[in-house]
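As structure tokens, the structure follows; a few thoughts come after it.
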There are 2 protein chains.
Amino acid sequence: MELSLKIKMNEKLFLRNPEETELGRKIIQHGIVLIHKIGFEAFTFKKLAEKITTTESGIYRYFENKHRLLIYIVDWYWSWQEYRIIYHVYNVKNPEIKIKKTIQLLSAYVKDDMTTDYINEKLLYEIVMCEGAKSFLTKHVTEDNKAKLFKPYKDLCARIAGFIKEYNPKYKYPNTLASTIIEMAHSQKFYMQNLPSLTDFGGEKDEKKLVAFLEELVF
Amino acid sequence: MELSLKIKMNEKLFLRNPEETELGRKIIQHGIVLIHKIGFEAFTFKKLAEKITTTESGIYRYFENKHRLLIYIVDWYWSWQEYRIIYHVYNVKNPEIKIKKTIQLLSAYVKDDMTTDYINEKLLYEIVMCEGAKSFLTKHVTEDNKAKLFKPYKDLCARIAGFIKEYNPKYKYPNTLASTIIEMAHSQKFYMQNLPSLTDFGGEKDEKKLVAFLEELVF
DNA sequence: TTTAATAGATAGTAATACTATTATTAATAA
DNA sequence: TTATTAATAATAGTATTACTATCTATTAAA
């Protein structure tokens with residue numbers, strides 16, 4: 001990711017850059033709203049086209065298929081999360097504090113943060129929670145990975161692994177622990193809302209216990 | 001789950017019991033083979049029908065849709081894993097050994113174990129690794145959960161949480177830790193094979209390091 | 001001003017996810 | 001035994017999905 005507010009996206013994700021045109025930004029903005037509303041399975045380009053008064057083929061000129069659009073918005077989310085972490089940890093020397101801050105940022109309920117005009121971070125966060133794994137749980141993971149489509153997720157993981165290495169250079173599984181933190185912050189949140197018996201924080205509205213659990217796991 | 005070798009499946013999962021007929025068993029057996037081969041997205045009842053020389057509508061008489069078939073086989077897998085754990089932990093008193101055995105069973109590469117004639121556990125294990133999460137990552141989780149379609153997964157989680165409580169009755173997050181173990185045993189395995197930079201055991205063929213990681217996490 | 005690129009609208013196609021109907025076979029009652 | 005009913009199998013049909021292709025209108029650059 002780039003350290004500017006504008007997140008540079010992998011060019012292989014789209015046929016034409018959606019950031020550059022009105023229609024492109026509408027596709028992203030309302031794509032997020034619609035996927036959030038009806039779920040990725042029921043989401044189609046035709047339905048999205050109706051919402052933004054364009055045609056199916058209009059959207060196909062930007063994205064090859066709906067899966068690429070999903071990866072696009074999920075990638076954007078991970079880059080945004082990494083940006084937030086870098087921002088909040090800036091000038092912090094103590095690696096323990098860096099890790100704690102990271103856990104908090106990943107576990108907290110996200111609100112639409114208004115730094116980006118056409119992306120609703122709250123909805124995006126819920127999409128990543130419910131549909132995020134579908135971006136790589138496919139028969140074409142390997143090709144997609146070669147095309148660097150999952151780079152933002154891997155970058156975030158590597159950054160957190162870096163904090164863990166700073167904290168304890170001898171620890172043998174920094175990457176595994178980092179991906180565990182990211183994944184658990186999201187999937188336990190999904191369980192809390194949908195399958196509470198898989199957690200110990202069923203139905204609770206705040207994330208304090210989840211943060212406590214993750215901190216215990218790490219330290 | 002029932003303690004017999006025959007796993008009793010939730011009746012809401014099917015329209016007619018696939019265990020009771022030749023065609024039904026073929027649907028399960030070749031359904032597993034085909035989902036493993038082409039992935040759940042590309043899998044259709046028509047393609048499966050061709051493989052077992054029946055018709056699409058023949059399969060629809062057993063399962064409402066392909067998602068129900070997925071839940072059926074994923075549920076079978078979790079019940080089978082719980083059965084294996086109960087079996088291997090039988091007469092063991094020490095909760096630490098119980099947990100270690102559980103971690104080993106969940107992390108080990110599964111081979112087709114031949115106790116069941118028409119289900120290939122090795123393929124099923126890989127399906128759960130790649131497609132398992134899709135059984136509950138839907139807009140209808142809540143209804144499915146009310147219909148108890150995820151009971152085998154929750155039972156397994158509760159059993160492992162029980163071991164954790166035995167080991168340390170004061171620990172505050174037994175269910176969360178249990179679901180973390182189950183999930184990480186499967187998703188880290190997926191990463192090892194497909195996105196190795198998210199782990200510290202990239203490309204390795206055995207699960208020793210994964211077991212060590214999970215044990216460090218718990219103890 | 002001409003050309004070239006872009007956007008928009010329309011139509012078309014193969015495959016998917018089903019449903020409904022008809023045909024066939026098996027089981028049971030008169 | 002025959003007639004009736006019931007269960008199962010096969011066939012056909014439909015709306016939607018996931019695209020592709022074509023044609024026209026508009027805008028922008030040379």
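Numbers restart at 1 for each chain; the letters A, B, ... are given by sequence-line order, proteins then strands. Below, all heavy atoms of this structure are taken into account, side chains as well, without hydrogens, waters or symmetry copies.
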Whole-Å distance, B:L15 CG to D:dA9 C1', equals 16 Å
From CD1 of B:I52 across to P of D:dA10 the rounded distance in Å is 11 Å
B:L23 has its side chain closest, among D:dA18, C:dA17, D:dA9, to D:dA9
Which of C:dA9, C:dT6, C:dA17 is nearest the side chain of A:T55? It is C:dA9
Between B:F45 and A:T54, the residue closer to the 5' end of DNA chain C by nearest nucleotide is A:T54
**Request:** Please evaluate the base of D:dT11 for a donor-acceptor partner in the side chain of B:S57 within a cut-off of under 3.5 Å?
**Result:** yes
Winner on side-chain proximity to B:K47, out of C:dA7, C:dT16, D:dA9, is C:dT16
### Side-chain N,O (B:R61) to OP1/OP2 (D:dA7) below 4.0 Å
no
TODO: Would you classify A:E64 as touching base, sugar-phosphate or nothing, given that sugar-phosphate means primed atoms plus P, OP1 and OP2, and contacts are heavy atoms under 4.0 Å?
DONE: sugar-phosphate
Q: Name the nucleic acid region contacted by A:K66, choosing base, sugar-phosphate or nothing; use a 4.0 angstrom heavy-atom cut-off, strictly under.
A: sugar-phosphate
When rounded to whole Å, the CD to P distance for the pair B:E41 and C:dA15 reads 19 Å
Per atom distances to the A:N65 side chain, the nearest of D:dA9, D:dC19, C:dA9 is D:dC19
side-chain hydrogen bond (donor to acceptor under 3.5 Å, both in side chains) test vs B:Y125 passes for just one of B:Q81, B:K189, B:H36, namely B:K189
- Pair A:H186 + A:Y77: ring centers closer than 6.0 Å: yes
Here the distance between atom C1' of C:dA7 and atom CD of A:E20, to the nearest Å, is 15 Å
When rounded to whole Å, the CZ to P distance for the pair A:F43 and D:dT16 reads 18 Å
From the candidates C:dA7, D:dA10, C:dC18, the one with an atom nearest any side-chain atom of A:Y62 is C:dA7
To the nearest angstrom, the NZ-P distance between A:K46 and D:dA15 comes to 12 Å
Exercise. May I ask you to check whether B:Y62 and B:T21 show a side-chain donor-acceptor distance below 3.5 Å?
Key: yes
In short, B:L34 meets B:K51 closest at the heavy-atom pair CD1-CE, 3.9 Å
Q) Hey, would you say the A:Y173 and B:F213 ring centroids sit under 6.0 Å apart? A) yes
Between CD of B:E56 and P of C:dA15 the distance, given in whole Å, is 13 Å
When rounded to whole Å, the CG to P distance for the pair A:N17 and C:dA5 reads 20 Å
